[in-house]
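Everything on this sheet refers to the single structure shown next.
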Amino acid sequence: MITYRLLRYGLCMGWVMAALASVRAGAPAVLPESGARRVIHVGTEHAVYDLYVGPDSRLYNLRFGSQEIPALQTEGSGGGSLTEAYPPSGTRYAFEPALSIIHADGNNSTDLEFVGEQAGSPSPGVKETRIKLRDPVYPVDVELVFRAYAGFDVIEQSSEIRHTEPGAIVLERFASSSPQMTGDLWLTQFHGDWANEMNPLSERLSPGIKVLDSKTLVRADRFRPPFFLLGVGAAVREAAGETWAGMLDWSGSFQFAFDDNGLGATRLLAGINPYGQAYRLDPGVLFATPVMRWAWSDQGVGQLSRNLHRWIRRYALRDGDRPRAVLLNNWEATGFAFDEGKIVSLFDRAKDLGMELFLLDDGWFGTRFPRNDDTQGLGDWSVNPAKLPRGISHLADEARNRGLRFGIWIEPEMVNPRSELYLAHPDWVIREPGRALELQRNQLVLDLTRPAVAQYESGVIDTLLRDNPGVSYVKWDSNRYVTQPGSSWLPKDRQSNLGIDYVRALDGLMAEVEKRHPAVEMMLCSGGGGRVDLGTLKHFDEFWPSDNTDPLRRVVMQWDYSTFFPALAISGHVTHSGGRSIKFALDVAMSARMGIDLDLSKLTPEESRQAAVAVEVYKDKLRDVVQFGDLYRMESPHSGPRSVIDYVSQDKSRAAMFVFQVADGAPDAVRPGGLDPQAKYRLSELDLGEGGVPAMPQLGSVISGTDLAATGIIPTVHKAISSQVVWLERVD
Ligand code: GLA
């Protein structure tokens, strides 16, 4: 049963006055420790997040990670401190607020007092803390919800906002989380664009506000994803230093604001982007913010990533413990230009190579407006009889006859104006009346807040999967973002609710598909990595990181994605992009969830042979270690001529070390991380029999974990753009 402990403290005037006196003397005041204060621990044993209730009944930040936050206060702040845990706007607080409300009577200020807290454990190893705050004047309640995952050093935070005012209120800011830190902080963001995702950039934070955000509502990660790193005291390092990662579970516009008040504290505000999204909230309706996730390590980003990978496999991804299949995709190979005969011939080749799943990409649908390019057909999800006269089920049967599973591409949220759907329902799209339609990739976004649209999209997916039970894999794409954010469904005074209501409706739709079709695996795509938040990924098995498939670029991109995501979630497909050798392209794909996107009939016999060996090696040896092992990033392609990563099985009996030479040079030894120092390992190379590269001197040797970590292994590839994969197996 829930019991809220009501705690009230009397205001200690001497205590506040002493603080104000020191402000007048020039420096920000530091409030003295109060014996009466009540500390609430919402983090894990290591990833500490402590809050306290002050003598004024307000909730304050106390500690985030190793840092204690001084209780800063400025003159004229009415007794309030600069370190409130969830600062409301208009009362006391003069910096970026976490919550801002226009009340039903037009008043713009909000105040929040501590009401009580409640702790519980929803599942073993998980601690949940709920802290209840209330405005002393208005009937507005805010509940801060924290979950701490002990074995992973992961903390989640979200807010639940409710009111019973006589009419709707307008939420103008609604952060999910707003901890504070002090001192020297280094931010690493990952900016980019289509086909150029995940470019890391680190900078030292300084007084003022640094904002990383997205304003595109849908496909919201087009220019940056909703995650970042923070280094404490220095820029983030791989194997040392206190490091935080922040990740927001939200597929719409997001905002991270790093507000250094110049007085000794930097607030990390994270949540839905309030820009253009003032939210009208009716009385009695719950407004729950998305979860902001914090992961922590004091041993650098390497350990943080390993914790996060395990956490994501266990709690975030669909079926995070199920091995991912080796897949053949036809997009790069055929584009829209295929027919039944072509696809079936690819099945034959896929079977010869030992592949497990075939994914039929864009272009299979549209009758009146056949989808033969991207100008038409989107929205009309019936098979194009000119291309596939015997339908999808026939193809799925043909695939099954060759031992392959079968999957299809869909983009259910979008429509081309040249489609039967648009002609029948021009009012179903997001647009603003009176303005000319703005197209991206010749398409528009369907207004999912309209129930008939949600029903239509859900019906399309259901019918496809019911009528074609042979389909066991779906790639869900989304290729444009929102401009002219108008809905002909939402009332005039709720137009700015659109972005938030869209994401909620989308989440509902994805959850429904997941529930109704538990056996169908899902790939998340948005013109590449345009939608890679964990809130969406929980309905998916993996994601398509980028339409840039040049393996040289993928080495770097996979390195950066691996900061956050485990390899089994990152689809890596071999293509001809960049004109690299097939050996290099295969090795890069094998360091992620392996797939191939080539017209296999056009491979030379030697390329086919290497591809077949790679598929066999991946299934036989690498898959288990890459998809479920711990990742050690040893040498960064950002700072040297090669990328060296190694995956170590959980029991440390096997390891795969990938050496990707991205430029000429570096003949020195590479040192595998994460091995058991006491164990002895036999070394072999997982080569594809490609020839031309001398054998590594230590091949076949048995070497202890200690010696391998000390002296390493000397690769024999030194030239850009080449690769080697070393296999280490414990001998007992
Ligand atoms: C997007 C995806 C590609 C492919 C095309 C099909 O660009 O990222 O992988 O599916 O759409 O139109």
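Everything numeric in this text was worked out from a predicted model, so none of it was measured. Every number for a ligand or one of its atoms is a count from 1 in the order of the listing. Computation of the quantities below employed the complete heavy-atom set of this structure, encompassing side-chain atoms and omitting hydrogens, waters and symmetry-equivalent molecules.
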Taking 4.0 angstrom as the limit, do Asp462 and Arg516 come out as a salt bridge?
yes
Using a 3.5 Å distance criterion without hydrogens, assess whether the side chain of Glu690 forms a donor-acceptor pair with backbone atoms of Leu688.
yes
Would you call Asp599-Lys602 a salt bridge at under 4.0 Å N-O?
yes
Ligand 1: protein residues within heavy-atom distance under 4.0 Å:
Trp331, Asp361, Asp362, Trp409, Arg441, Lys475, Asp477, Asn479, Cys525, Gly527, Gly528, Trp544, Asp547
CG-CZ distance between Asp501 and Arg450, expressed to the nearest 0.5 angstrom
14.0 Å
Taking only Lys NZ, Arg NE, NH1 and NH2, and the carboxylate oxygens of Asp or Glu, determine whether Arg349 and Asp352 approach each other closer than 4.0 Å.
no
Would a distance-only check, ignoring hydrogens and angles, find a side-chain to backbone donor-acceptor pair under 3.5 Å from Glu197 to Gly529?
yes
